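Report on the structure given below.
Reminder, nothing fancy here: chain letters follow the sequence lines and each chain counts from 1. Side chains are part of it too, since the values below use all heavy atoms of this structure and drop only hydrogens, waters and symmetry mates. These numbers were taken from a predicted model, which means no experiment stands behind them.
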2 protein chains.
Amino acid sequence: MTTIRDVAKKAGVSVATVSRFLNSTGYVSQEAAAAVTAAVAELQYELNPVARSLNTKKSNLIGLILPDITNPFFPELARAVEDVALSYGYTVILCNSDEKPEKEKNYIETLKKKYIAGFIVASNQLDAPHYANANLPIVALDRAINEKIPTISSNNKEGAILGTKALLDRGCKNILFLRGPEELNPANDRYDGFMETIQQTDVNFRVVFCPFHFADSQEIAEQALRDDPSIDGIFASSDVSAAGALKAASLLGIAVPDALQVVGFDGVALGEMLTPGLTTVAQDVYKMGAIAARVLIKRIENQEIEQHFYQVPVKLVIRGTTRSVTE
Amino acid sequence: MTTIRDVAKKAGVSVATVSRFLNSTGYVSQEAAAAVTAAVAELQYELNPVARSLNTKKSNLIGLILPDITNPFFPELARAVEDVALSYGYTVILCNSDEKPEKEKNYIETLKKKYIAGFIVASNQLDAPHYANANLPIVALDRAINEKIPTISSNNKEGAILGTKALLDRGCKNILFLRGPEELNPANDRYDGFMETIQQTDVNFRVVFCPFHFADSQEIAEQALRDDPSIDGIFASSDVSAAGALKAASLLGIAVPDALQVVGFDGVALGEMLTPGLTTVAQDVYKMGAIAARVLIKRIENQEIEQHFYQVPVKLVIRGTTRSVTE
DNA sequence: CTGAAAGCGCTTACAG
DNA sequence: CTGAAAGCGCTTACAG
């Protein structure tokens with residue numbers, strides 16, 4: 001392995017000069033710079049990041065803390081984070097927290113020992129003290145912990161308004177809203193958007209809590225549809241829940257979209273694979289991840305960041321679970 | 001930050017003794033051990049992994065190289081790897097390679113500089129020289145590069161036999177096999193299983209290449225079904241392809257499972273969300289990932305490993321895209 | 001603009 | 001069984 005010492009010797013300068021040149025810190029004469037450049041090229045020298053970390057107490061590792069990569073929302077997010085990280089020379093460590101504070105805390109502590117540069121956190125435990133005390137650059141997804149931590153989220157309320165209107169515009173007169181978990185900020189924003197929109201009309205509606213889980217959603221939807229067969233529209237707070245609702249409808253022999261229209265939320269790949277294809281409010285998950293990574297890296301590198309809250313636009317994707325607009 | 005030096009001072013021994021004790025390398029007297037233990041506890045000392053890495057040229061990082069975490073097969077694999085890694089004190093770095101040799105090579109090189117402990121590789125580029133020359137513990141998924149590298153895979157051939165028989169047992173007389181990419185070992189094993197089984201019968205069949213991609217699969221299946229409307233069974237080499245085939249059938253107005261039965265391969269969550277639910281040959285993806293991680297860690301720690309090839313069993317999951325068995 | 005030297009926090013022959 | 005010392009490969013005041 002060739003070290004900075006070898007480079008210094010070959011270039012005829014001190015290691016300090018080589019280091020300063022390589023890190024563009026401090027002045028280096030033209031000649032010295034040229035000599036070092038040549039020596040580096042000739043020896044194919046590459047800096048040892050571990051040795052550097054030991055000094056600077058910083059690495060180019062970033063931690064991505066999320067509940068569970070298995071949840072269809074997260075792979076695309078992880079992909080975006082990794083793409084951006086890679087392009088800036090960072091490496092990402094995957095941390096599945098299962099929303100457990102001890103797991104998160106544990107990750108933060110063991111990674112701090114590795115001088116991790118920062119964290120991107122997509123978790124509900126964000127208000128736990130281990131984040132506030134982490135003393136490290138952090139960027140949050142979907143949940144603001146405090147003003148100091150930049151947050152990226154979709155425009156969930158706007159999305160819910162779009163989704164609700166989609167059902168209204170298509171003639172639904174009795175809408176079931178599958179509301180997501182109460183602890184989830186985005187789910188609550190979606191709820192607000194739905195309520196605000198529906199209450200401006202005289203359309204019937206009911207709201208039911210429903211986890212973002214397929215089998216549970218199916219059961220809850222089935223129950224609701226049995227209770228009230230006149231339901232003619234379902235707005236689910238997630239695509240997985242929408243898939244559950246579709247399954248329930250099929251089991252009950254309810255025709256979609258003729259007798260029942262369904263709109264999901266997320267824009268996950270699953271939606272297009274269903275039959276009929278799921279009409280949904282699509283988030284730009286990749287973009288969220290990319291922004292999160294970019295903002296984190298800016299913070300790590302002490303660059304200015306323009307804003308602390310990023311709202312990524314959302315859009316309605318019309319597929320087969322809704323009919324054409326009625327006049 | 002408290003260092004090994006502080007511990008040594010408090011315990012009244014040298015840092016060498018502390019280090020030896022902590023790493024259980026070399027002899028340490030009872031008294032010294034006790035003193036160190038007490039000092040460590042009192043100071044809440046934790047070893048600095050970066051400083052250690054610099055000396056030992058090893059870290060507890062493991063790299064997971066896969067084509068794209070966005071492909072529904074991989075999140076569960078990644079989850080398993082991470083779970084096992086965590087329980088043994090390792091941390092996993094996510095590397096999306098897009099099957100590009102340069103990307104893989106680049107990852108390997110930059111991570112080697114970080115003294116990465118080993119790699120788990122789920123990629124088709126495994127025969128590229130950068131693996132053979134990596135000079136690091138590697139475990140492969142689904143593809144053997146050479147005898148030195150342990151490999152974990154599903155029993156793909158057996159699975160294909162199961163899937164084919166499922167169609168045969170249910171009366172299919174004209175089967176379309178959606179064969180996966182030619183470069184993919186598992187896809188070829190599935191093909192072999194299919195061929196072996198079907199050729200023992202006088203049932204009509206045809207084979208078509210088909211990438212593991214939804215829209216492409218849909219198109220290919222649609223074309224095939226148009227060409228030959230008498231097809232009454234489709235065996236797809238992946239669940240995503242099966243989903244594409246189902247979509248095609250629905251578009252063409254072909255009733256599943258009455259006029260057409262479909263069997264997938266993978267056992268991905270998507271399968272149960274489809275309507276009707278997808279009958280499929282399920283792999284135990286989590287188990288594959290867990291074994292891969294366990295084997296890699298054994299190699300890293302120079303433990304014996306029992307075998308070099310692990311075949312994880314596969315099982316047939318019957319859902320709604322097939323009928324009941326005919327006599 | 002540059003170099004000698006100390007230091008980051010550990011490990012590991014080596015001598016005793 | 002144990003300690004002094006060198007070393008892992010870099011960075012960073014400090015003095016010049």
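The heavy-atom pair separating B/N60 from B/G89 by the smallest distance is OD1-O, 3.1 Å. Between B/D142 and B/N185 the shortest heavy-atom distance is O-CB, 3.4 Å. Closest of all the heavy-atom pairs between B/I62 and B/Y90 is CG2-CD2, 3.7 Å. Shortest non-hydrogen contact noted between A/D68 and A/N96 is CA-ND2, 3.3 Å.
Remark: C1' of D/dT11 and NZ of A/K58 are 14 Å apart, rounded to the nearest angstrom. At whole-Å resolution of the value, NZ in B/K9 and P in D/dA4 are 13 Å apart.
In this structure a side-chain-to-backbone donor-acceptor pair under 3.5 Å is present from B/S53 to B/K58. In this structure, B/S19 contributes its side chain and B/V15 its backbone to no donor-acceptor pair below 3.5 Å. Listed for the B/S59 side chain is a donor-acceptor partner under 3.5 Å among the backbone atoms of B/Y115.
For A/S29, a side-chain nitrogen or oxygen approaches OP1 or OP2 of C/dT2 to under 4.0 Å.
Taking a 4.0 Å limit (strictly below) on heavy-atom distances, residues 13-23 of chain B reaches DNA chain C at B/A16, B/S19, B/R20, B/N23.
Residues in residues 3-12 of chain B take part in these salt bridge (charged side-chain N to carboxylate O under 4.0 Å, His left out) pairs, two or more places apart or across chains: B/K10-B/E42.
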Between protein and nucleotides 7-9 of chain D, what N or O pairs are separated by less than 3.5 Å?
{"from": "D/dG7", "atom 1": "N2", "to": "B/N55", "atom 2": "OD1", "distance (Å)": "2.4"}
{"from": "D/dG7", "atom 1": "N2", "to": "B/N55", "atom 2": "ND2", "distance (Å)": "3.3"}
{"from": "D/dC8", "atom 1": "O3'", "to": "B/K57", "atom 2": "NZ", "distance (Å)": "3.1"}
{"from": "D/dC8", "atom 1": "O2", "to": "B/N55", "atom 2": "OD1", "distance (Å)": "3.3"}
{"from": "D/dC8", "atom 1": "O2", "to": "B/N55", "atom 2": "ND2", "distance (Å)": "3.0"}
{"from": "D/dG9", "atom 1": "OP1", "to": "B/K57", "atom 2": "NZ", "distance (Å)": "3.3"}
{"from": "D/dG9", "atom 1": "N2", "to": "A/A51", "atom 2": "O", "distance (Å)": "3.3"}
{"from": "D/dG9", "atom 1": "N2", "to": "A/N55", "atom 2": "ND2", "distance (Å)": "2.8"}

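Here, C/dT12 and C/dG16 have their C1' atoms 16 Å apart, quoted to the whole Å.
Figure legend. C/dC1 is base-paired to D/dG16; pairs are counted as Watson-Crick or G-U wobble with both atom distances under 3.5 Å.
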